[in-house]
Amino acid sequence: MKNKLLKELITKSLHGTLNEEESNILYAWIQESKANETLYVKLRDIDTLQNVQQHYKSESNTKQKIYKMFRLGSVAAAIVVLTTITLNYWKSGQSPTLPRPEDKIMLISGNKSYQLSEKLEKNNKVPHASISQLFNIHEVENEAKQKDYTLVVPKGKTYDIDLTDGTTVTLNADSKLIFPAIFGSDNRTVTISGEAFFKVAKDRKRPFIVKTNRGEVMVLGTHFNINSYEDTGADAISLLEGKIQVTKEDEVMTLIPGQAVLLRKNEPIKVSTFDPEEVLAWKEGLFLFDDRSLAEVLSELEKWYPVEFKYSNNTLKSMPIYIKIKKDRKLEDILMALEQTNRIKFKKNGNTVTVSP
């Protein structure tokens with residue numbers, strides 16, 4: 001594709017004025033190579049645009065700025081033109097729109113519950129010894145084995161916890177982890193609902209087992225991510241280090257680093273590769289959507305902000321989205337970015353947001 005046409009298409013994309021034919025042309029270019037896709041995602045990173053805008057803000061004449069930008073002769077230059085239109089709304093330093101104050105991180109055991117606070121936390125982690133003391137559980141093996149804890153992380157938050165064996169678990173928003181006070185002598189079993197990243201401590205005598213409602217993962221020591229939200233209809237398991245064994249009913253699959261599996265009910269296990277940057281963006285405080293459907297994107301936003309999205313037209317759900325945004329942005333900023341870079345509009349009424357063409 002000629003550079004001039006590419007500039008025009010990306011500029012129109014950011015301004016939300018692409019027609020159907022132009023959208024198809026641009027989408028085909030993105031799919032041609034990983035380099036094209038990576039460049040497009042980077043150009044749509046709001047912070048990248050802000051940095052470019054800051055570089056040129058000392059220029060006083062808009063026409064001169066546009067002329068100089070296009071003289072640069074790069075795809076990135078075309079994006080700068082839109083910053084004066086779109087980024088006036090995206091100012092850094094604004095306080096984020098986050099869930100209600102009463103949505104707290106909770107630790108539950110039996111009929112007792114505790115709201116985690118800074119007093120128990122160290123580097124955003126709660127030490128296991130503090131948990132046992134909190135629930136008056138003396139770590140006598142026979143007694144403690146029968147006690148399970150449930151860690152509940154609400155919308156708009158993430159949380160790290162160290163387990164007794166040295167394993168660290170990072171939970172994403174709207175997730176739950178069930179784990180015992182003390183692991184047994186033959187295995188280390190936990191249950192996850194939502195999304196979590198595991199750094200499993202090695203212990204060859206006791207495999208680490210993670211259960212979901214669709215299957216289970218068994219490891220000896222490794223780093224992997226599990227996305228097991230109910231609304232996705234599938235478990236996505238991505239392996240970064242080590243080796244894991246994934247089980248679903250009668251199927252067993254062993255993964256090596258760089259491989260991922262998708263577990264769906266009534267379907268065979270599917271193995272693929274994955275982009276670590278995209279899979280782990282949530283741990284870095286980012287929303288990174290790289291050729292994801294609008295339905296997937298808005299579902300992720302629902303886990304971070306106290307809103308529910310409704311569609312005026314269900315065909316919008318399959319619209320491909322490419323965007324990268326920090327999670328500390330106000331919801332309004334993110335919706336405005338999606339409006340400016342796609343042919344969609346949002347109308348907010350209380351906690352309900354209607355999506356329309």
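Minimum heavy-atom separation, Lys211 to Glu216: CE-OE1, 3.8 Å. Residue Glu251 comes nearest to Pro268 through the heavy atom pair OE1-CA, 3.3 Å, listed as atom of the first residue, atom of the second, then distance. What you find for Ile192 and Ser228 is that their closest heavy atoms are O-OG, 4.4 Å. When every heavy atom of Leu151 is checked against every heavy atom of Leu171, the shortest pair comes out as O-CD2, 4.1 Å. The shortest heavy-atom contact between Thr167 and Ala201 is OG1-N, 3.0 Å. The two atoms that bring Asn213 and Lys265 nearest to each other are O-CE, 3.9 Å, heavy atoms only.
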Under the salt bridge (charged side-chain N to carboxylate O under 4.0 Å, His left out) criterion, do Lys303 and Asp231 qualify, and how do the steps go? CA-CA 11 Å; Lys303 295 178 179 64; Asp231 59 359; 2.9 Å; yes
Go through Asp160 and Thr170 one step at a time and tell me if the side chain to side chain donor-acceptor pair (under 3.5 Å) criterion holds. CA-CA 4 Å; Asp160 293 345; Thr170 303; 2.7 Å; yes
Test salt bridge (charged side-chain N to carboxylate O under 4.0 Å, His left out) on Arg214 and Asp235 and set out the steps. CA-CA 7 Å; Arg214 301 180 185 94; Asp235 291 349; 2.6 Å; yes
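A salt bridge is defined here as a Lys NZ or Arg NE, NH1 or NH2 lying under 4.0 Å from an Asp or Glu carboxylate O, and Asp333 with Lys330 fails to meet this definition.
Between the side chains of Glu296 and Ser299, no donor-acceptor pair is found at a separation under 3.5 Å. With no hydrogens or angles considered, a side-chain donor-acceptor pair links Glu195 and Asn225 at under 3.5 Å.
The side-chain heavy atoms of Leu286 and Lys326, taken from C-beta on, include a pair separated by under 4.5 Å. Proximity of Phe198 to Val219: side-chain heavy atoms (C-beta onward) are nowhere separated by under 4.5 Å. Residues Phe274 and Ile237 fail the side-chain proximity criterion, which asks for heavy atoms closer than 4.5 Å. Side chains of Val246 and Leu255 form a contact here, defined as non-hydrogen atoms less than 4.5 Å apart. Counting only heavy atoms from C-beta outward, the side chains of Leu294 and Val355 approach each other to under 4.5 Å.
Crowding of Lys348 atom NZ: a count of heavy atoms from other residues, nucleotides or ligands under 6.0 Å exceeding 12. Crowding of Asn349 atom CG: a count of heavy atoms from other residues, nucleotides or ligands under 6.0 Å not exceeding 12. Atom NZ of Lys283 has more than 12 neighbouring heavy atoms from other residues, nucleotides or ligands inside a 6.0 Å radius.
Figure legend: cation-pi geometry between Lys327 and Phe287, with NZ or CZ positioned under 6.0 Å from the six-membered ring centre and within 45° of its axis.
Expressed to the nearest 0.5 Å, how far CD of Glu308 lies from CG of Asn351 amounts to 9.0 Å. The structure places CG of Asp162 at 10.0 Å from NZ of Lys199, a figure rounded to the nearest 0.5 Å. We find the OG1-CG distance between Thr232 and Leu263 to be 10.5 Å, quoted to the nearest 0.5 Å.
Judged by distance alone, the side chain of Glu302 and the main-chain N or O of Phe309 form a donor-acceptor pair under 3.5 Å. Checking side-chain atoms of Lys248 against main-chain N and O of Glu267 turns up a donor-acceptor pair under 3.5 Å. Judged by distance alone, with hydrogens and angles left aside, the side-chain atoms of Asn342 form no donor-acceptor pair with the main-chain N or O of Ile344 at under 3.5 Å.
Note on ring orientation: taking the six-membered ring where Trp is involved, the planes of Phe179 and Tyr149 are tilted (angle from 30° to 60°).
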